[in-house]
There are 2 protein chains.
Amino acid sequence: MIPDDVVSPLPSQRGLGDLVTDVLREMITGGKFQPGQHLKETELADALKVSRGPIRQALTRLEEEGHVEIRRHRGAFISTLTKTDVEEVHTLRGAIEKLAASRACTRMQGVGFAEMDAVLEQMKSVDTKIDPEDAVRLDLQFHDIIYAYCDHARVLRVWESIRGQVTVFLRARNASFPDFLDVGYSEHKELRDALALGDPQAAQDGIDKHILGAYERLKRLNLPDR
Amino acid sequence: MIPDDVVSPLPSQRGLGDLVTDVLREMITGGKFQPGQHLKETELADALKVSRGPIRQALTRLEEEGHVEIRRHRGAFISTLTKTDVEEVHTLRGAIEKLAASRACTRMQGVGFAEMDAVLEQMKSVDTKIDPEDAVRLDLQFHDIIYAYCDHARVLRVWESIRGQVTVFLRARNASFPDFLDVGYSEHKELRDALALGDPQAAQDGIDKHILGAYERLKRLNLPDR
DNA sequence: CAATGACTTACTGTTTACAATCTACAGAGA
DNA sequence: TCTCTGTAGATTGTAAACAGTAAGTCATTG
């Protein structure tokens, strides 16, 4: 028997549609398109050297993630970020991450917390480097661990469906409040310690506080109401 | 200017893919397929007189709703219901419905509660008729009202993604515990009264109790672990 | 001058055809 | 008899062609 660790990475076991989804998501969250911009299937297909099939698949996925809006016979348009979006994403995230954390805190054991500590260690060093992109990546990595250990496929799927928008928010936060990079470590360290208690209720309270803090900061951003 | 209330419902503004999704979902939740059955795109396309495009779209949607499992180059297979599925759906539903209820209870005003009371009234009459299918429909209708008034597009989307499986559970419950048809009214009436307090915390507690009760009953079903 | 209606254009929704990939089974070798 | 390998068959992934629809434009009419 060959151990799982050495199975060939299989260059691409995922379909083209999934690849295109990732590429477009990265372009959108990276700000390559203007809000409201019309994404035409044929243009995207030509640009990415694939046919319209995978493009359509990707666009429907991205619609579910809130990155684009699809209007029948009109096409896909880049969503404009509104106060409503910020509120919805944060309240929904709070709801599912509380559930995720209450389950994860009793399942992470030593190995899960070791992963968290590794991320926290990097967060500390970010304070000196101050690369906003690293801060975003580490923030997401930290929370990914919670979702990974909650052992709940459906919660994980919901998280994946809002993760991209959370990325957008984090980048916007770093752009508007560059000083936040300094407090990232302490806030996540606090959350880690709450989880380490192994008490589901304490874990939920920790998440509540954490998400609420993130929401309060973002509310200061000047966004259209809807 | 014509008020929004009277705009024509637009007979069928939805695409073929959406229609196929609904048809297949109804067939699956209605038990037309055996668990594990292999759904072949070409067969479905021939049977429904459409091409494979809309079929593919429908199958990916149904995968997201947990009704089928898609394995690359193998096709779509009807999901077998497991204890894990029951647990995941109920815990996730609890999380989002608490959020939905806490928002809805302050937004339903008179009109929302009137809708609920109309459903409750029918539930009472069901007790005499005892048509299990009506019981399922009314149960869903009741909760749909909560989601409709919570004014949260993303929560609504998550609900829609698990609503089909909840339907399956309700039907299974009615099949295994036919006597439950009698308590459906009182349980929902209790929940309605909790929402009517207009207190978000009370609303959440009401949902917690309601969902937990549903979960406890379903746990008695004899299902495979995974 | 405003409003309506036909026409044009460009896009998406759908169908059809082709290519890549996987599974299953049979046969050869140990 | 068991295992491995090669081939055949079937099914999905992908591409391209076709058809239908909505928005925009411009002429026409009240």
Side-chain angles (χ1 to χ4, degrees), chain A residues 1-2 4 6-25 28 33-65 67-80, chain B residues 1-2 4 7-25 28 33-34 36-65 67-80:
Chain A
M1 187 59 179
I2 299 174
D4 280 0
V6 292
V7 292
S8 59
L10 286 179
S12 163
Q13 189 61 314
R14 313 175 330 141
L16 248 191
D18 295 312
L19 255 97
V20 172
T21 307
D22 290 344
V23 170
L24 287 181
R25 185 193 298 112
I28 294 172
F33 301 110
Q34 293 300 315
Q37 183 173 343
H38 189 174
L39 299 187
K40 294 161 194 169
E41 292 183 358
T42 46
E43 282 184 12
L44 293 175
D46 290 345
L48 299 179
K49 309 289 184 194
V50 296
S51 72
R52 277 175 53 209
I55 299 286
R56 284 176 70 79
Q57 195 178 331
L59 288 177
T60 51
R61 288 273 169 81
L62 292 173
E63 186 196 25
E64 278 156 21
E65 296 180 17
H67 291 302
V68 303
E69 188 182 339
I70 294 180
R71 291 204 285 273
R72 193 175 157 78
H73 283 118
R74 294 296 321 283
F77 299 82
I78 299 287
S79 302
T80 53
Chain B
M1 186 58 180
I2 299 176
D4 279 356
V7 290
S8 59
L10 288 179
S12 168
Q13 194 61 313
R14 315 176 328 140
L16 252 190
D18 296 311
L19 261 114
V20 172
T21 306
D22 290 345
V23 170
L24 288 181
R25 187 193 296 113
I28 293 172
F33 301 111
Q34 293 300 316
Q37 185 173 343
H38 190 174
L39 298 187
K40 295 162 193 169
E41 290 186 357
T42 48
E43 283 184 12
L44 294 173
D46 291 346
L48 299 179
K49 308 290 183 192
V50 297
S51 71
R52 277 177 48 215
I55 299 286
R56 285 175 68 80
Q57 194 178 330
L59 287 177
T60 51
R61 289 271 171 82
L62 292 173
E63 186 195 25
E64 279 157 20
E65 297 180 17
H67 291 303
V68 303
E69 188 183 336
I70 295 179
R71 290 205 284 272
R72 192 175 154 85
H73 282 120
R74 294 295 316 284
F77 298 82
I78 299 289
S79 301
T80 53

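By convention in this document, chain letters (A, B, ...) are assigned in the order of the sequence lines, proteins followed by strands, and residues within each chain are numbered from 1.
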Can you name the residues that form a side chain to side chain contact (heavy atoms under 4.5 Å, CB included) with [X], not counting sequence neighbours?
X       : result
A:Asp22 : A:Arg14, A:Arg25
A:Ile78 : A:Ile28, A:Phe33, A:Gln37, A:Leu39, A:Val68
A:Glu41 : A:Arg52, A:Ile55, A:Arg56, A:Leu59

Contacts of type side-chain hydrogen bond (donor to acceptor under 3.5 Å, both in side chains), residue A:Asp18, not counting sequence neighbours: A:Arg61
Can you measure [X] atom [atom1] to [N] atom [atom2] for me and round it to whole angstrom units?
X       : N      : atom1 : atom2 : answer
A:Asp18 : D:dT14 : CG    : C1'   : 14 Å
A:Arg71 : C:dT12 : CZ    : C1'   : 13 Å
A:His73 : C:dC11 : NE2   : P     : 14 Å
A:Phe77 : D:dA22 : CZ    : P     : 14 Å
B:Leu16 : C:dT14 : CG    : C1'   : 8 Å
B:Leu44 : C:dT15 : CG    : P     : 14 Å

B:His38: partners by ring pair (Phe, Tyr, Trp, His ring centres under 6.0 Å), with sequence neighbours left out: B:Phe77
Distance-minimising heavy-atom pair for A:Gly17 and A:Ala58: O-CB, 4.1 Å
Shortest non-hydrogen separation from A:Thr80 to A:Gly36 and the atoms involved: CG2-N, 4.0 Å
Among D:dA23, C:dT12, D:dT12, the one nearest B:Glu41 by side-chain distance: D:dT12
Global bending angle along the helix from C:dC1-D:dG30 to C:dA30-D:dT1, which compares the axes of five pairs at either end, to 10 degrees: 20°
Report, one pair per line, the protein and nucleotides 5-10 of chain C atoms (nitrogen or oxygen only) whose separation is under 3.5 Å.
none

Sequence neighbours excluded, every pair satisfying ring-ring contact (aromatic ring centres under 6.0 Å, His included) that has a member inside residues 41-62 of chain A: none
Pairwise distance CD(B:Glu65) to OG1(B:Thr21) - rounded to 0.5 angstrom: 7.5 Å
Neighbours of DNA chain D within residues 49-62 of chain B, by heavy-atom distance under 4.0 Å: B:Arg52, B:Arg56
Show me the side-chain donor-acceptor pairs of residues 44-51 of chain B shorter than 3.5 Å, one per line, residues at least two apart or across chains.
none

With sequence neighbours excluded, residues passing salt bridge (charged side-chain N to carboxylate O under 4.0 Å, His left out) with A:Glu43: A:Lys40
